[in-house]
Number of protein chains: 2
Amino acid sequence: MTTSRVTIKEVAARAGVSKGAVSLAFNHKPGLSEATRDRIFRAARELGWAPNPTARTLAGSRVDVVGLAVCRPARLLGLEPFYMDFVSGVESVLIERNCSLLLRLVRNVEEEVGLQEAWWRGRQIGGSILVDFRADDPRVAAVERLGMPVVAVGHPSLTGTLTSVWTDDATAVTEAVRYLAALGHRRIARVGGAAALGHTAMRTAAFDEAARTLELAGAWQVTTDYSGEAGARATRSLLTAAPPDRPTAIVYDNDIMAVAGLSVAAEMGLGVPHDVSLLAWDDSQLCRLTRPTLSAMSHDVHGFGAEAARTLFGVITGEGPGSHPVPTPVLTPRGSTAPPGV
Amino acid sequence: MTTSRVTIKEVAARAGVSKGAVSLAFNHKPGLSEATRDRIFRAARELGWAPNPTARTLAGSRVDVVGLAVCRPARLLGLEPFYMDFVSGVESVLIERNCSLLLRLVRNVEEEVGLQEAWWRGRQIGGSILVDFRADDPRVAAVERLGMPVVAVGHPSLTGTLTSVWTDDATAVTEAVRYLAALGHRRIARVGGAAALGHTAMRTAAFDEAARTLELAGAWQVTTDYSGEAGARATRSLLTAAPPDRPTAIVYDNDIMAVAGLSVAAEMGLGVPHDVSLLAWDDSQLCRLTRPTLSAMSHDVHGFGAEAARTLFGVITGEGPGSHPVPTPVLTPRGSTAPPGV
DNA sequence: AACGTTTTCTTAACCGGTAAAGTCGCTATC
DNA sequence: GATAGCGACTTTACCGGTTAAGAAAACGTT
């Protein structure tokens, strides 16, 4: 037996008022005496009623759902600690506003554009969090055309006029390279993430720049799909060269690839950090669980997600466009980095 | 400029019919000639119209959103490969039915009960996927009372009359212990997951049973919170005993703790698998990225999620209650298990 | 030609709220 | 003492669909 659906009408009847009055009370609008307001709330409590969000949405008031479409092959997502952590940060602020997250995995940006449009026009969401920006991202124009509130997680140079939340990847990469150079490394490699992603390009550029500035003797960069397998492959190929042509330090674009790299070094009989230094990115728990522990560029991903959500609410409530940097990842030295061995 | 909202009325006007007719066409209901049907679809296509799900929901037809509330501390979720992988499996089947996933992190079961009830009564979702069952789970009664379609991810003994999707944890644990025993281990420990969870209890019982049946010389079990830190702590405490009182093999309830255990063994100067064998659970990519690689009880988590979603659709479309086992995790031997050293 | 059936479509009443406009009694004002 | 103003509600018209009941045209029957 289904619990009989209780509607605004019953509440109104029980409180002895019209449903309009109940609506006023529940939206904290003026025009009701304290006495009737109380009677209404009491009646609602007694009947266990709460306004139906679907009806509310249809009637044109606020929507309490925010969208998040993620575009990465499903199987890769599973391992990336980043997303779940990010999502949990988002959730932490949605919760306090009684909002929910509509999550969807998409295959490509075009599909995402269609989805966001459908969500918005169907009033399914009040706004959206956009992630994984690429150069000339079609979402920027689409979202502007729709006039839909969004927060873009990505560097302002990629997100156009959209309100953005971002980390300063360029500075972080530079710091990473400087640190390794300061330890004495002259031949440094970087195993990057997906080439199509805007922040990957920015990191790549920053790495090149830093390599030039510091006049490194060798600098290599490759891009991957973020998977452990790809990280292992890349590492293997970097480390097979004979010593003078081989990097003495490698920076990775996420944790998983760094862990994979660690394992490849071991498999090749190279000591970490003696023969090669390894530096991870993001810094999840994982970095503290390996032998040696992984030095990393640390990042409060959870806080990043929370900030994105907070900013989205700002946009929804009419705040003008803005750019919200979150703290730059900081270097956390652990056991996988040291001066190059002799 | 917002794209002008196009509604059913405009489509009807353009096709020269009433909105009722448009509705019939889009719901593939009888009562329309092929000719008008075509005219309607053409008009809709030309205007780029699709029925508004919110209005549809309110008018009492099906809801194309399914709910998933996850009850684990946010920060732990980030690392657990399990959830994201599971979610991506769920998504893979939602996508082909044009459905979305409403995701919510909750602090405890009571909060979840309230949430599911609100979702259901507010017609926010068409059904829900329930995870992390515990003994006498209050959700069973709540959901039955509501008459809400759900699929319970958990052993039938925990999920009452609800349709369930589950893996045979008891058999898997038994197989794990048997395997280690077959290798010659007589002192085996298990680092379990959260004690409150039903499947943890089942694994614990199965482990005890297996230890008795095989007449092991030593059997230890501890429960944790699934985090790497907890796994490290547990491992450390197990391995500090002097050799005769120390396990020669440890089974973990997830990957992360096994990785942590591997690192602790190294830190204590113990060789894996020579001094101690380690066996992980779930088997994400992670197990292939360590040195030595981790033997594990492998599990198609992505497929598990997909099966859960498929089953939920079955329930929504009126299939009676049922019990859907998915394949039992199978042993995948790698480098972390071997006969006990001398 | 009259009549019961179908087929094809239209009407109108919801679904559960919101919000603009209207009603009514009461006090303040000149 | 007529009028304006205000507070406290009620009415009513949507929002964008679905669906049961009604109506008009087409069709087969005798």
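Labels below follow one simple rule: chain letters A, B, ... track the order of the sequence lines, proteins then strands, and each chain is numbered from 1.
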Query raised in the report: Residues two or more places apart in sequence or in another chain: which of them pass salt bridge (charged side-chain N to carboxylate O under 4.0 Å, His left out) with A/Glu111?
Result: A/Arg107

Query raised in the report: Under 6.0 Å between the ring centres of B/Phe26 and B/Trp49?
Result: yes

Report task. Start with the C-alpha gap between A/Val109 and A/Arg139, add the side-chain angles, then the distance that decides, and say whether side chain to side chain contact (heavy atoms under 4.5 Å, CB included) holds. Result -> CA-CA 8 Å; A/Val109 211; A/Arg139 288 173 294 177; 3.8 Å; yes

Report summary line: DNA chain D: first to last nucleotide in contact with chain B (atom under 4.0 angstrom from a heavy atom), 5' to 3', is D/dG16 to D/dT19

Query raised in the report: Do you see a donor-acceptor pair shorter than 3.5 Å between the side chains of B/Thr7 and B/Glu10?
Result: yes

Report summary line: One should read off an interatomic distance between B/Gln116 CD and B/Arg121 CZ, to the nearest 0.5 angstrom, of 13.5 Å

Query raised in the report: Given side chains that start at C-beta, do those of A/Phe133 and A/Ser164 come closer than 4.5 Å, heavy atoms only?
Result: no

Query raised in the report: Quick one: what's the B/S/- string for nucleotides 8-21 of chain C, heavy-atom cutoff under 4.0 Å, read 5' to 3'?
Result: BBBB---BBBBB--

Report task. May I ask you to decide if A/Ala69's main-chain N or O and A/Arg104's side chain share a donor-acceptor pair within less than 3.5 Å? Result -> no

